[in-house]
Amino acid sequence: MNTEQDDKNKGTDGTYYATTPIFYVNAEPHLGHAYTTTLVDVSARFHRLRNEDVLFLTGTDEHGEKIQKAAETAGLSPQEYVDRISGKFRDTWDELGIDYDIFMRTSEPFHHKVVQDVLQRVYDNGDIIFGEYGGLYCVQCERYYTEKELEDGKCPQHDITLEYRSEENYFFRMERYRPWLRKELENNPELIRPEGYRNEVLGLLREPIGDLSISRPRNRVPWGIPLPWDENHVTYVWFDALINYYSALVERGEVDRYWPHVEHFIAKDILKPHGVFWPTMLKSAGIPLYQHLNVHGYWLTDQGKMSKSKGNVIKPLELKDKYGIDAFRYFLLRDMTFGLDSTFSELALAERINADLANDLGNLLNRTMGMLGRYRDGVVPAHHVTPAPGGRAARSLAARRRCGQG
RNA sequence: GGCGAUGUAGCUCAGUUGGUGAGAGCGCACGACUCAUAAUCGUGAGGUCGUCGGUUCAAGUCCGACCAUCGCUACCA
């Protein structure tokens, strides 16, 4: 009998925990950040309208050597530095009407504790080993390069001379979980979507993925979370950043309420960490896998990828100020096919606003107001529309109910 | 080099398991009209479905090769 209710809750079990990535605070928010966050905002609002139990997390990733250096350059402590940049993200989301529930920051003490708890569980499970790693290291990239990868002996990304480093690291035994993850993806085709990205991850899993370096010496990188079994090392990016999705719930005592219903939204550049590292980490720690990993493409410009060096970075707040918040948000979601790259152009934005919002919607509103005054004495009559079975309105209603079930 | 994605009307893109004459929105052309005229409504113009070949009674939809763009990834003379 309760078909509408059943229908409504199908796919989400009436609970919806949606996340954006926590953004790295080495630059100010750009169009891509705004897209992901607006997308999740709209999705969260949709599920709230369906009376589901919704939680929406966004935030900033605040550790790492790169940030430590940036703070030094700015003459600030790391905490002062991340406070400032993190604040810019928060302000931007406020200005764009993002109605998030949690603004997560990895520098918060409770996060440290949860990360250490998870690390300990993985350690106790025998999935951490000690090893040495050495090579040419780029401070900007925070990674090692092989000599073949270099251009003129310099980092191909940053054009700076690299230094040789050798250090002892802890490694997560990720390779152990490769067969498991493969099977998981094969049994659950919707786990990573759209399909193209699922295939990419399956492709990665066809060959050994190796073990994952998860620590850095604390004497070199004090700005990080110490390993619970070795105070001389701090954890490194992924075991810190990815766990934010989980630690936020621990802090609120809402793990059981929300965790089995996680919907991650990311851009394609961080597919590997979210599609490979994160699931294997969860498996090792004995935490259930997320529901879905939803992957979108890039906003490009007519000159290709946005980058600071090209000087073609699109600033979301400027567009919002110029065209209005609702028009801007509408454009973001309307003009990009989910999963694919999209070319941004201000002309396309203007045309979209004119055609869809000003002409179609605006005319409808203007017309309705006119008719209301002319024929109904300005009073909205009680509605008594019965959609004809199989008619356009009925089909539209059915389509709306199907939406968001996957 | 390997793996993968993409390549469909001027533009942005849809096209389940192969099957009536290949679609939408925007743009464009023509026409209509009112309660909306810097709007709305109707109609239309027709694109070798990247190229070549194959399978099939039948392919945009399957197979092979190739080309272009993009991404990930491995490197040797």
Side-chain angles (χ1 to χ4, degrees), chain A residues 31-32 35 135-136 141 143-151 156-157 174-175 178 181-182 185-186 189-190 192-212 266-278 293-307 310 312 323 327 330-381 392 395-396 398-399 402-403 405-406:
Chain A
L31 186 66
Y35 173 73
L136 294 168
C141 302
R143 57 160 286 196
Y144 288 92
Y145 280 94
T146 63
E147 298 201 23
K148 306 284 184 185
E149 289 177 294
L150 305 183
E151 291 176 6
Q157 299 293 319
M174 189 164 67
E175 176 64 23
R178 182 161 65 96
L181 182 54
R182 259 183 98 166
L185 274 167
E186 277 158 10
E190 287 274 292
I192 296 175
R193 58 190 182 185
E195 191 180 9
Y197 295 105
R198 166 181 180 257
N199 290 338
E200 275 200 35
V201 173
L202 277 172
L204 290 175
L205 296 177
R206 270 197 292 273
E207 294 171 28
I209 52 178
D211 293 332
L212 186 66
I266 63 168
K268 65 181 185 179
D269 58 330
I270 48 176
L271 174 62
K272 191 172 175 181
H274 285 76
V276 178
F277 302 170
W278 186 220
L293 178 62
N294 307 284
V295 188
H296 72 254
Y298 282 148
W299 282 97
L300 307 174
T301 71
D302 49 10
Q303 308 151 52
K305 218 185 228 177
M306 278 187 259
S307 73
K310 283 185 190 165
N312 60 358
Y323 294 96
Y330 173 76
F331 171 78
L332 285 180
L333 269 72
R334 177 63 183 81
D335 238 55
M336 176 177 266
T337 301
F338 189 81
L340 302 180
D341 290 348
S342 188
T343 303
F344 175 84
S345 92
E346 196 162 341
L347 184 62
L349 189 157
E351 285 177 346
R352 191 102 252 169
I353 291 171
N354 282 337
D356 292 4
L357 300 182
N359 293 353
D360 289 352
L361 247 189
N363 175 256
L364 178 62
L365 176 65
N366 181 39
R367 182 185 180 196
T368 303
M369 295 302 284
M371 292 176 81
L372 208 53
R374 207 173 305 249
Y375 305 121
R376 299 290 172 179
D377 299 322
V379 179
V380 179
R392 193 168 178 176
R395 286 202 307 275
S396 166
R402 280 197 302 274
C403 271
Q405 283 184 12

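Just so it is clear: chains get the letters A, B, ... in the order the sequence lines come, proteins before strands, and each one is counted from 1.
- With a cut-off of 3.5 Å on both pairing distances, the Watson-Crick or G-U wobble partner of B/rG53 is B/rC63.
- Taking atom C1' on both nucleotides, B/rU20 is separated from B/rA39 by 39 Å, rounded to a whole Å.
- Minimum interatomic distance between A/Leu357 and A/Leu361 (heavy atoms only, all atoms of both residues): O-CB, 3.2 Å.
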Where do A/Leu271 and A/Ile192 land on the side-chain contact (heavy atoms from CB on, under 4.5 Å) test, with the steps shown first?
-> CA-CA 9 Å; A/Leu271 174 62; A/Ile192 296 175; 4.3 Å; yes

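- Nucleotides B/rG47 and B/rA9 are separated by 10 Å at their P atoms, to the nearest Å.
- What you find for A/Gly297 and A/Lys268 is that their closest heavy atoms are CA-CD, 4.3 Å.
- Going from atom CZ of A/Phe338 over to atom P of B/rA14 covers 13 Å, rounded to whole Å.
- Judged purely by atom type and a 3.5 angstrom limit, A/Tyr330 has no side-chain atom pairing as donor or acceptor with the backbone of A/Arg352.
- Base orientation for B/rA29: anti, the chi torsion being more than 90° from 0.
- Comparing the same atom, C1', in B/rG27 and in B/rG10 gives a spacing of 7 Å after rounding to whole Å.
- In this structure, A/Ile353 atom CD1 and B/rG25 atom C1' are separated by 16 Å, rounded to whole Å.
- Looking at every heavy atom in both residues, A/Ala327 comes nearest to A/Ile353 through CB-CD1, 3.7 Å.
- Atom CD in A/Glu351 sits about 14 Å away from atom P in B/rC13, given to the nearest Å.
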Could you list all N or O pairs between the protein and nucleotides 39-44 of chain B that sit under 3.5 Å apart?
{"from": "B/rA39", "atom 1": "O2'", "to": "A/Asn363", "atom 2": "ND2", "distance (Å)": "3.3"}
{"from": "B/rU40", "atom 1": "OP1", "to": "A/Asp360", "atom 2": "OD1", "distance (Å)": "3.0"}

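- What separates CE of A/Met336 from P of B/rU6 is a distance of 16 Å, to the nearest Å.
- Mapping A/Arg374 and A/Thr337 onto RNA chain B via the closest heavy atom, the residue that lands nearer the 5' end is A/Thr337.
- Using a 4.0 Å heavy-atom cutoff across all strands shown, A/Leu372 reaches no nucleic acid atom at all.
- The C1' atoms of B/rC49 and B/rC30 are separated by 28 Å, rounded to the nearest whole Å.
- Using N1 to N3 plus N6-O4 or O6-N4 for Watson-Crick, or N1-O2 and O6-N3 for G-U wobble, each under 3.5 Å, B/rC28 pairs with B/rG44.
- Under the Watson-Crick or G-U wobble criterion, with both distances below 3.5 Å, B/rC33 is left unpaired in every strand shown.
- B/rA68 and B/rU6 make up a base pair, with Watson-Crick or G-U wobble contacts both under 3.5 Å.
- Evaluation of the side chain to side chain donor-acceptor pair (under 3.5 Å) rule for A/Glu186 yields no partner, not counting sequence neighbours.
- The 5' end of RNA chain B is approached more closely, in terms of each residue's nearest nucleotide, by A/Gly196 than by the other of A/Gly196 and A/Leu204.
- Here, B/rU51 and B/rG60 have their C1' atoms 14 Å apart, quoted to the whole Å.
- Counting heavy atoms from C-beta outward, A/Leu349 and A/Asp335 have side chains that stay 4.5 Å or more apart.
- Rounded to a whole angstrom, the distance from the P atom of B/rC66 to that of B/rU56 is 23 Å.
- Between the NZ atom of A/Lys272 and the C1' atom of B/rA5 there is a distance of 18 Å, rounded to whole Å.
- One interatomic measurement links the two molecules: CZ of A/Arg334 to P of B/rA24, which rounds to 14 Å at whole-angstrom precision.
- Contact annotation: the side chain of A/Lys272 never approaches that of A/Glu200 to less than 4.5 Å [non-hydrogen atoms, C-beta and beyond].
- B/rA22 makes up no base pair with any nucleotide shown, lacking Watson-Crick or G-U wobble contacts both under 3.5 Å.
- B/rA14 makes up no base pair with any nucleotide shown, lacking Watson-Crick or G-U wobble contacts both under 3.5 Å.
- With both ends at atom C1', the span from B/rA24 to B/rA14 equals 7 Å, rounded to whole Å.
- In this structure, the CG atom of A/Leu349 is 15 Å from the C1' atom of B/rC11, given to the nearest Å.
- What separates CG of A/Leu205 from P of B/rU73 is a distance of 14 Å, to the nearest Å.
- Pairing of B/rC76, defined by two Watson-Crick or G-U wobble distances under 3.5 Å, is not identified with any nucleotide.
- Of all heavy-atom pairs spanning A/Ile266 and A/Ile270, the tightest one is CD1-O, 3.5 Å.
- Across the P atoms, B/rG50 and B/rU12 are found 15 Å apart, a figure rounded to whole Å.
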